[in-house]
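Accompanying notes for the structure given below.
Remember, predicted model here, so these are calculated numbers, not experimental data. Residues take their numbers from the sequence shown, with the count starting at 1.
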Amino acid sequence: MNPDRDAVRDRYATAAQRALAGEGTGMLTGDGDADRLGAVHYLDSELPAEVTATSLGCGNPLAVAELKSGETVLDLGSGGGLDVLLSARRVGPDGRAIGLDMTDDMLALARRHAERAGVTNVEFVKGTIEQIPLPDASVDVVISNCVIALSPDKPAVFAGIARVLRAGGRLGVTDILADDTLTDAERAARAGAVECLGGALTAERYRTLLLEAGLADVEIELTHEVGDKLHSAIIRATKPIPVVAMTSEHAGQVLAIYQAGLDTGQASFEIVAPDWKTWDAAHLPDHRLVALDPAGRVLGWAAITAVSSRCVYEGVVEHSVYVEAEARGRGVGQALLAALIASTEKAGIWTIQSGVFPENTASRALHRRAGFREIGVRERVGRHHGAWRDVVMIERRSICVGT
């Protein structure tokens, strides 16, 4: 059973009209609704009560999405604009928050809230969540609050999400999920605050549809009950980043990313990237990888060198990983390291090691997440830009090769 789109539109249009007139939305009036749904999830939002009162959701997706400065975030079914305004604050003046809603009255309400809040890095767009009116690969994060369950065509919603997300982009939503035991007859009988939720998916079906749409790393966590056999849930997923073998066609971009990394002063003792012939001779021919965006542009690269010509060290290599500045924080480094680990282990390599400046906290955190450990610090190894620098030694010992 699928929700009726016209019924959903009419219901929320009426709620918006009431809010525009200074009244309550007229929703969430059932017994205990206010304890489970709506503004209760935004008690610390620091937004006016008139804004938080228009929340009709089952959670707080901003507590899920972990927004970063400068990102572009899309809120599906943005309603009165609460999550869009909060997102705009999180992403800052260099970021952008977009609200998508199919109801003119809700859009008018959201724009009024944005104007009164003095928030300018927001945009509200009319459309349905099944046909998102945005370009491919145009947003970093998609959020939504108890809206996808209302859609009559959820595969189309998930396909649209995968389309508009950039490589490495994230989905972080709250939604209503159904117990496996919820029958069709019980779905038809939903009433009160959940009258439109006869189409709520089970957790397993939700996961399957996200994977079929091309998303990955799906996480689903039930949080609290919102009705008989219906639960609020946190759902996370990511859009995979393509990682392929590096070729000479990537040379120019690889070296440009390398030089940009060296220019930070935190990547290497080197100061100037070599020409391609020199770089090519210094790195092993296998396990050279690049992460690409949908247009084929290189977002980052990884490669290895031998640490010794002695046969006892044939399974030990030193690696480098560099990510384009604009692509940092989008999972590019993580994707490259995961692919590098898989590639080297398949070839029988048991240890990947390197050295990182102590001040390069982002690289150290990235490597810890990938299973590397810090084994010590070599003090005052060499001079860099006139100063003596320490180096943190890191390594990852395979758990499946040489055990």
Could you tell me whether the side chain of [X] and the main chain of [Y] form a donor-acceptor pair under 3.5 Å?
X	Y	result
Ser151	Ile148	no
Ser363	Asn360	no
His231	Ala178	no
Thr103	Asp105	no
Asp101	Gly79	yes

Worksheet entry | Verdict with reasoning, Gln353 to Arg397, per side chain to side chain donor-acceptor pair (under 3.5 Å) | CA-CA 9 Å; Gln353 66 183 39; Arg397 182 67 166 83; over 6 Å; no
Can you tell whether the side chains of [X] and [Y] come within less than 4.0 Å, N to carboxylate O?
X	Y	result
Glu324	Arg297	yes
Lys126	Asp104	yes
Glu71	Arg170	yes

Worksheet item: Would you say the side chains of Ser343 and His287 form a donor-acceptor pair under 3.5 Å?
Response: yes
Item to complete: Consider only side-chain N and O atoms of Thr305 and Glu318, and report whether a donor and an acceptor are under 3.5 Å apart.
Response: no
Are [X] and [Y] side-chain neighbours, meaning at least one heavy-atom pair lies under 4.5 Å?
X	Y	value
Ile241	Asp293	no
Leu340	Leu289	yes
Val139	Val73	no
Leu262	Ile271	no

Exceeds 12 heavy-atom contacts within 6.0 angstrom, atom [atom1] of [X]:
X	atom1	answer
Tyr313	OH	no
Ile399	CD1	no
Arg378	CZ	no
Glu212	CD	yes
Gln131	CD	no
Glu359	CD	yes

Discussion item. Can you classify the ring geometry of Trp301 versus His283 as parallel (below 30°), tilted (30 to 60°) or perpendicular (above 60°)?
Written reply: perpendicular
Practice prompt. Please identify each residue that fulfils salt bridge (Lys or Arg N to Asp or Glu O under 4.0 Å) with Glu123, with sequence neighbours left out.
Written response: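 If we apply the salt bridge (Lys or Arg N to Asp or Glu O under 4.0 Å) test to Glu123, skipping adjacent residues, the hits are Arg96.
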Worksheet item: When rounded to the nearest 0.5 angstrom, what is the spacing between OG1 in Thr361 and CZ in Arg368?
Response: 8.5 Å
Discussion item. For residues 326-353, which residue pairs pass the ring pair (Phe, Tyr, Trp, His ring centres under 6.0 Å) check, not counting sequence neighbours?
Written reply: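 Matches after skipping sequence neighbours: none remain.
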Worksheet item: Checking salt bridge (charged side-chain N to carboxylate O under 4.0 Å, His left out) for the pair Arg207/Glu219: CA distance, chi angles, key distance, verdict?
Response: CA-CA 8 Å; Arg207 183 188 305 276; Glu219 300 177 6; over 6 Å; no
Item to complete: Apply ring-ring contact (aromatic ring centres under 6.0 Å, His included) to His319 and list each qualifying residue two or more places apart in sequence or on a separate chain.
Response: His367, Phe372
Practice prompt. Show the numbers, then the answer: is there a salt bridge (charged side-chain N to carboxylate O under 4.0 Å, His left out) between Asp280 and Arg288?
Written response: CA-CA 10 Å; Asp280 184 42; Arg288 299 179 180 185; 2.5 Å; yes
Item to complete: Take Glu345 and Arg396 through the salt bridge (charged side-chain N to carboxylate O under 4.0 Å, His left out) test and state the conclusion after the steps.
Response: CA-CA 11 Å; Glu345 287 188 333; Arg396 183 189 183 277; 3.0 Å; yes
